[in-house]
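Structure first, commentary second.
This is a predicted model, so every value here is computed, not measured.
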Amino acid sequence: MKFIVSSSYLLKQLQVLGGVINNSNTLPILDNFLFELNQDKLTVSASDLETTMSAVLEVDSDSEGSVAVPAKLLLDTLKTFPEQPLTFVIEDNNTIEISSNHGKYALAYADGAEFPNSVELADASSTTILGDILATAISKTIFASGNDDLRPVMSGVFFQFSPENLTFVATDAHKLVKYQRHDVTASQVAEFIMPKKPLTLLKGILAGNESDVTIDYNESNAKFTFDNIELVCRLIDGKYPNYEAVIPKENPNKLTIDRSQFFGSVRRVSIFSNKTTHQIRLKIAGAELNISAEDVDYSNKAEERLTCDYQGDDMEIGFNSRFLNEMLNNLTSDNVSLEMSLPNRAGILTPIDGLDEGEHVTMLVMPVMLNN
């Protein structure tokens with residue numbers, strides 16, 4: 001088994017796949033890339049048992065075979081090469097020899113047959129979505145998902161497909177984000193919960209990508225196929241909470257404000273808030289928004305006044321500044337609206353501009369009890 005490949009091309013592809021590999025694996029074979037050669041097509045795979053990603057590379061070869069190559073050793077070596085062709089030869093003494101313009105390097109390899117097989121999806125449904133739209137949907141929602149091992153369904157992003165639209169939801173019970181696309185639809189109704197790790201990988205690869213991504217899914221797994229890459233992952237098992245029930249429908253009090261100004265104030269004022277509650281207070285009356293925070297233990301306090309457009313009753317409401325900061329930071333619009341009903345009901349944050357046609361973002365932030 002022998003093949004020739006460009007060093008920078010191989011490195012670029014392996015760095016994408018390397019994101020799948022965990023720092024500490026229970027099975028030593030998972031510390032390797034699986035190389036499967038079939039004439040001039042080299043399929044490289046990486047897996048952590050839950051997620052498997054593979055890429056098909058063009059190489060110069062007329063042989064076949066499969067070996068598992070130590071991932072870290074290979075990546076560290078490739079990073080040091082300037083662009084040049086590298087020749088890989090599988091020797092009989094269980095080593096793979098790499099020849100460059102200036103030298104030779106031998107790595108011990110493992111038998112490719114030991115590598116876990118990728119899951120085949122039976123009875124799968126399919127939907128196609130533009131890569132950049134999927135990356136946007138992930139980045140707009142994933143930050144709001146939880147990290148609680150006791151509630152695994154909340155640690156992922158909920159995908160809801162229908163012939164009308166695609167909806168992506170994430171929540172950790174303190175904040176909730178619902179991202180909708182009405183310009184992309186699925187042939188039938190389906191819903192599943194995607195874990196965080198494969199989504200983070202997809203977000204990194206697909207940002208700005210104009211190619212189509214085909215999503216195949218069944219009860220237990222999902223497969224994403226685009227360009228020369230295929231990612232298969234196990235879905236989170238369980239029923240997603242009824243998020244529609246927590247979104248307040250009647251919100252008579254509506255605040256409209258410049259996002260970057262609001263974000264700047266919240267960030268500054270929150271530095272002075274209590275380090276455990278991160279509580280900030282919003283006091284709205286007429287066209288004035290007063291943002292304040294106080295840390296009684298250290299006698300720190302801050303207060304800022306902003307002008308805003310407000311329709312509704314005068315009100316005072318408390319929020320955890322960390323959640324509000326994350327949400328405002330995740331939006332890209334010039335202006336945002338914050339709709340509220342009562343000081344103990346969730347506030348709804350939505351961007352007013354800067355959205356694509358058919359794009360909808362709703363963010364929900366739970367209030368905190370104000371200690372007067």
Checking Arg267 against Phe263: charged group under 6.0 Å from the ring centre and within 45 degrees of the axis? yes
Please report the closest heavy-atom contact between Ser61 and Leu37, naming both atoms and the distance. OG-CD2, 3.3 Å
So, for Asp132 and Ala207, which heavy atoms are closest and what is the spacing to 0.1 Å? OD1-C, 3.8 Å
So, for Thr185 and Pro163, which heavy atoms are closest and what is the spacing to 0.1 Å? CG2-O, 3.1 Å
Would Phe81 and Tyr105 satisfy ring-ring contact (aromatic ring centres under 6.0 Å, His included), going step by step from the backbone distance to the final call? CA-CA 12 Å; Phe81 285 124; Tyr105 321 87; 5.5 Å; yes
Determine the minimum heavy-atom distance between Leu130 and Glu210, stating which atoms define it. CD1-O, 3.2 Å
Salt-bridge present (Lys197, Asp48; N to O < 4.0 Å): yes
For Glu83 and Ser7, work out which heavy atoms get closest and say how close. CA-OG, 3.5 Å
Please give me the minimum heavy-atom distance between Asn32 and Phe115, naming the atom from each residue. O-CE1, 3.5 Å
Which atom pairs, donor and acceptor, lie under 3.5 Å between side-chain atoms of residues 329-336 and protein residues at least two apart or in another chain?
unit_1, atom_1, unit_2, atom_2, d
Asn330, ND2, Ser139, O, 3.1
Ser333, OG, Asn335, O, 3.0
Asn335, ND2, Asp353, OD2, 3.4

We want to know whether Tyr179 and Glu359 form a side-chain donor-acceptor pair, criterion being a heavy-atom distance below 3.5 angstrom. yes
Do Ser211 and Asp227 have side-chain N/O donor and acceptor atoms under 3.5 Å apart? yes
Anything under 3.5 Å between a donor and an acceptor, one on a side chain of residues 64-74, the other on a protein residue two or more places apart or in another chain? List them.
unit_1, atom_1, unit_2, atom_2, d
Glu64, OE2, Gln39, NE2, 3.3
Lys72, NZ, Asp76, OD2, 2.7

Indicate, with yes or no, if the rings of Tyr240 and Phe159 have centres closer together than 6.0 Å. no
Salt-bridge present (Lys41, Glu36; N to O < 4.0 Å): no
